[in-house]
Amino acid sequence: FVAHPRYVKQAHRTRASALIVAQPLEGVQRPMLVVDNPYLAYARIATVFHRPEQPRPGVHPRSVLEEDVELGPEVSIGPLAFVGRGSRIGRRTVIGAGAVIGREVIIGEETVIHPNVCVYPGCRIGSRVIVHAGAVIGSDGFGFIRDERGRLLKIPQRGRVEIEDEVEIGANVAIDRATFGVTRIGRGTKIDNLVQIGHNVTVGEDTVIVAQVGISGSAHIGSRVTLAGQVGVAGHLRVGDGVT
């Protein structure tokens, strides 16, 4: 696919059988699919040919499920995974090897929890969510106050995390549970690897958060926002919709 004019010279030399282009290229003797957005068209075409392997449904004999766990049809739970008491897992969801799903967690349909993910008790994850290896959902928010002697007293973190539908969370991301209420990630948001999201943060829909971003507690990030690599957002700030 030719997504930028700088690739036109390569298009003349390519051995590809066909090209996806925004407009016909003079002198290129290849079949061309002319579309408004070549990169978007490529992504949709690639999706047709890319069929991720679906693990065989069932519960591995070396996994551990506590009492009162509810599993929907065609759920797959890998070896050494743990699912805590009272959790509910929706249809065709995959829980990878070594993942830990705490007590009373709710996970929707067709979600993929990759190996060694940890979801703390009481958190909510929607449908068609992808959580990559090593991510931690619902760990304690970083809340401390010094007492009269200058020692740090831990403030109990009593809230939870809610991940809405069609979110993707990269490897080794940490999303903290709220002190009270909810830390929320809106529908369709995509989070890269190595991102830290503090307690009581709200992220809107279809937002992109790139690697090594840090968002401090109680910040509000709007919808369709782009936070590029290593951006930092201080606590209690508001970032409006559509901001880059």
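All residue numbers refer to positions in the sequence shown, counting from 1. We use all heavy atoms of the structure for the numbers below, so side chains are in, but hydrogens, waters and symmetry mates are not.
- The shortest side-chain heavy-atom distance between Ile215 and Ile209 falls under the 4.5 Å cut-off.
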With side-chain contact (heavy atoms from CB on, under 4.5 Å) as the criterion, how do Val182 and Arg124 come out once you've worked through the C-alpha distance, each side chain's angles and the decisive distance to 0.1 Å?
CA-CA 10 Å; Val182 175; Arg124 307 285 187 265; over 6 Å; no
side-chain contact (heavy atoms from CB on, under 4.5 Å), that's the test. Do His60 and Ile77 meet it? Break it down for me.
CA-CA 6 Å; His60 194 280; Ile77 298 181; 5.9 Å; no
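- Look at Arg184 and Glu162 and you find a salt bridge, because one of the NZ, NE, NH1 or NH2 atoms lies within 4.0 Å of a carboxylate O, short of that distance.
- Ring orientation note: the planes of His4 and Tyr7 are nearly perpendicular, at an angle over 60° on the 30°/60° scale.
- Atom OH of Tyr42 has 12 or fewer heavy atoms from other residues, nucleotides or ligands within 6.0 Å.
- Between Glu110 and Arg91, at least one side-chain nitrogen of the basic residue sits less than 4.0 Å from a carboxylate oxygen of the acidic one, meeting the salt-bridge criterion.
- Taking the side chain as every heavy atom from C-beta outward, Val203 and Ile191 never approach each other to under 4.5 Å.
- For Thr207 (side chain) and Arg224 (main-chain N/O), a donor-acceptor pair under 3.5 Å exists by modelled atom type.
- A 6.0 Å sphere centred on NZ of Lys154 holds more than 12 heavy atoms belonging to other residues, nucleotides or ligands.
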Taking it one step at a time, do Gln54 and Val94 satisfy side-chain contact (heavy atoms from CB on, under 4.5 Å)?
CA-CA 8 Å; Gln54 183 74 17; Val94 176; 3.7 Å; yes
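- Within the 4.5 Å cutoff, no side-chain heavy atoms of Arg160 are placed close to those of Tyr120.
- Screening Ile130, Ile113, Ile163 for a side-chain contact (heavy atoms from CB on, under 4.5 Å) with Ile169, the sole residue that qualifies is Ile163.
- Taking each heavy atom of His132 and His114 in turn, the nearest pair found is ND1-CD2, 3.7 Å.
- Side-chain contact between Ile95 and Ile107: present, with at least one pair of heavy atoms (C-beta onward) separated by less than 4.5 Å.
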Intermediate values then yes/no, side-chain contact (heavy atoms from CB on, under 4.5 Å), Val131 and Val119:
CA-CA 10 Å; Val131 184; Val119 182; 6.0 Å; no
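- A donor-acceptor distance shorter than 3.5 angstrom exists from the side chain of Asn193 to the backbone of Ala171, with no hydrogens or angles considered.
- Scanning all heavy atoms of the two residues, the minimum distance from Asn200 to Phe180 falls at ND2-O, 2.7 Å.
- When every heavy atom of Ser216 is checked against every heavy atom of Ala234, the shortest pair comes out as CB-C, 3.7 Å.
- Counting heavy atoms from C-beta on, the side chains of Glu104 and Pro121 never come closer than 4.5 Å.
- Residues passing the side chain to side chain donor-acceptor pair (under 3.5 Å) test with Thr14: none are found, sequence neighbours excluded.
- Of the options Glu168, Glu109, Glu166, a side chain to side chain donor-acceptor pair (under 3.5 Å) to Arg128 is made by Glu166 and by none of the others.
- A 4.5 Å side-chain heavy-atom check between Ile155 and Gln157 finds at least one atom pair inside the cut-off.
- More than 12 heavy atoms of other residues, nucleotides or ligands shown are found within 6.0 angstrom of CG on Asp147.
- Residues Ile137 and Val105 are not in side-chain contact: their nearest non-hydrogen atoms beyond the backbone lie 4.5 Å or more apart.
- Shown here for Pro57 and Ser76, the closest heavy-atom pair between the two residues is CA-CB, 4.2 Å.
- In summary, of the residues considered (Thr183, Thr179, Asp176), a side chain to side chain donor-acceptor pair (under 3.5 Å) with His199 occurs for Thr179 alone.
- Pairing each heavy atom of Val225 with each of Gly242, the nearest pair is CG2-N, 4.0 Å.
- With Pro38 as reference, Ile20 is the one residue of Leu19, Val2, Ile20 to meet the side-chain contact (heavy atoms from CB on, under 4.5 Å) rule.
- The minimum heavy-atom distance between Glu205 and Thr189, with the atom names listed, is C-OG1, 3.8 Å.
- Side-chain contact check for Ile185 versus Ile197: some heavy-atom pair is nearer than 4.5 Å.
- Listed for the Asp241 side chain is a donor-acceptor partner under 3.5 Å among the backbone atoms of Ser223.
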